[in-house]
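A short write-up of the structure that comes next.
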Amino acid sequence: MDKQGETNAIQTAIPWIIPFLLLAGWQLFASLGAIPARILPAPFDVCKAAVGLLKTGELQDHIMVSLGRAVSGFVIGGSIGFLLGLFNGLSKLSELLFDTSIQMLRTIPHLALIPLVILWFGIDETSKIFMVALGVLFPVYVNTYHGIKSVDKGLIEMGKAYGLRGFYLFKTVIFPGALSSILVGFRFSLGVMWMTLIVAETISAHSGIGYMAMNAREFMQMDVIVLAILLYAFFGKLSDMIAKLLEKRWLNWNR
Amino acid sequence: MEAAGIPHIKLENIKKGYNSRSVLEGLNLTIRQGEFVAIVGRSGCGKSTLLRLLAGLEFLDTGSILVDGEEINSLNKNARLMFQDGRLLPWKKVMENVSMGLPRDHRLRALNALERVGLKDRANDWPARLSGGQKQRVALARALVHNPAILLLDEPLGALDALTRLEMQRLVEQLWSEKKFTSILVTHDVEEAVALADRVILIEEGSIKLDQYIPLPRPRQRVHPGFSLLVEEILQHITGPGEGPAFLGNQRKRVY
């Protein structure tokens with residue numbers, strides 16, 4: 001391995017030192033009996049619980065249900081937020097008509113609507129997807145709108161002076177100029193997506209990772225509860241990594 | 001005043017204001033085909049507004065602008081504008097910046113334009129990788145790739161260091177003498193105006209205060225006694241009597 005490769009390998013490894021030590025310490029103290037299993041089960045026990053649930057197929061089902069809710073809510077809310085941001089950023093009339101109302105709705109914490117949403121839609125899929133979509137909509141909207149509004153006016157003028165108009169101007173100048181802000185909204189809303197889903201699934205559900213955790217609580221299955229928490233952490237981190245990757249790819253001119 | 005040649009651009013009694021502030025007040029100007037005109041004046045005298053009107057990015061309050069006998073009332077397709085800050089799209093490679101707005105199959109034209117400004121080997125770089133002077137050369141290539149009849153230069157060399165500036169002046173002059181497009185250069189550097197232009201026009205308070213032909217042979221020699229005389233004379237008009245020394249003592253002879 002050359003020197004450059006070596007430095008890269010070390011730099012990739014460093015962030016994982018602390019998580020690894022924590023995990024090792026946790027396992028060690030749990031095996032020594034310093035942490036009672038009733039308070040916090042050992043990592044190894046959590047793994048065993050995961051394997052057990054995988055064998056019955058229960059875990060896959062819950063994960064798929066949660067992922068399905070997360071993705072459909074995100075797609076619905078994200079699309080609405082993106083389109084609204086686009087229209088309000090590009091059209092003065094649309095901005096005047098919608099922006100104030102959206103900004104007012106934005107100040108309501110969407111989680112406060114859960115009791116209302118349960119009464120409207122019951123506790124099945126619709127209410128969860130609605131909540132996620134609602135939570136995701138505003139960060140996507142705000143960042144798209146702001147991104148388009150803050151595209152360098154000089155570049156737009158240049159584009160017009162060089163004969164770019166309509167969709168071509170949008171594609172060449174406005175959208176790329178707004179993209180970094182749009183991606184910030186995208187990444188932020190992925191966080192909101194998981195948080196909303198956790199709350200919604202924990203409060204009322206009959207499937208999904210959150211339901212699995214609440215169900216395990218009834219039977220004092222600490223290992224399953226911890227497993228559910230770790231799953232959320234894993235998917236949160238995963239979606240953040242995907243967003244980061246997209247940023248790196250699409251904003252490569254920015255280095 | 002008008003020598004031989006057809007009037008190419010004709011500005012008649014043009015007036016332009018923003019809100020209640022008037023910028024151009026009844027300006028008249030005729031420019032011949034292939035002429036290199038420099039416009040000087042203090043900041044806010046309306047020289048940049050004039051360029052934007054010629055580009056068709058803004059419109060007149062009254063008066064008329066005729067190019068080859070046709071009135072400009074939308075984007076001027078014969079003209080290309082070059083900005084002080086380059087305005088390259090940072091998310092497009094140099095090559096794509098130059099070929100912006102060209103039909104797809106005109107890559108070769110863009111490459112040729114880059115070659116003319118000496119940057120063919122940077123075609124696949126991001127603009128962020130270029131120096132200030134290189135960015136302006138790319139912007140020049142982008143303007144010239146369309147073979148415009150009129151090149152409008154809005155202080156394009158203003159932000160460059162002295163050496164790069166001289167290099168760019170030579171490049172602009174060389175390309176102009178090859179292609180013979182009409183050039184209108186807005187600058188606050190009187191020396192630059194005298195070095196490049198056939199004619200230097202001084203705008204003050206929205207109208208033309210001086211229209212000075214530069215009869216010096218090209219390429220212009222800055223050591224030519226006529227050169228500094230003309231620079232001094234134009235500066236006298238800008239500063240007015242009594243205010244002169246402060247400006248004349250300034251080595252770069254800029255007028256703000």
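Letters A, B, ... are given to chains in the order of the sequence lines, protein chains preceding strands, and every chain is numbered from 1.
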- Region of B:K93 in contact with chain A, defined by heavy-atom distances below 4.5 Å: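 Looking at B:K93, nothing touches chain A.
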
- Task: Would you mind checking which part of B:L88 comes under 4.5 Å of any heavy atom in chain A, side chain (CB onward), backbone (N, CA, C, O), both or neither?
- Result: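 Looking at B:L88, just its backbone touches chain A.
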
Using a 4.5 angstrom heavy-atom cutoff, name the option from [options] with the most pairs to chain A.
options                     : result
B:N76, B:D85, B:L89         : B:L89
B:P90, B:P127, B:G101       : B:P90
B:H146, B:R80, B:K92, B:E96 : B:R80

- Do we get B:R142 above A:Y162's six-membered ring, with its NZ or CZ under 6.0 Å from the centre and within 45° of the axis?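 Positive - B:R142 is close enough to the ring of A:Y162 and near enough to its axis.
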
- Inspect the contact between B:R122 and B:D125 and indicate whether a charged nitrogen and a carboxylate oxygen are less than 4.0 angstrom apart.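 B:R122 and B:D125: salt-bridged.
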
- Salt bridge or not for B:E58 and B:R52, using N-O below 4.0 Å?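 So B:E58 pairs with B:R52 through a salt bridge.
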
- Item | Closest-packed option against chain B by number of heavy-atom pairs under 4.5 Å, given A:L179, A:V173, A:D152 |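 Most heavy-atom pairs within the cutoff with chain B belong to A:V173.
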
- Item | A:E95 and A:K92: CA distance, side-chain angles, deciding distance, salt bridge (Lys or Arg N to Asp or Glu O under 4.0 Å) verdict | CA-CA 5 Å; A:E95 181 187 3; A:K92 187 80 199 157; 3.8 Å; yes

- Message: Which heavy atom of B:S48 sits nearest to which heavy atom of B:D154, and what is that distance?
- Response: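 The answer is OG-OD1, 3.1 Å.
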
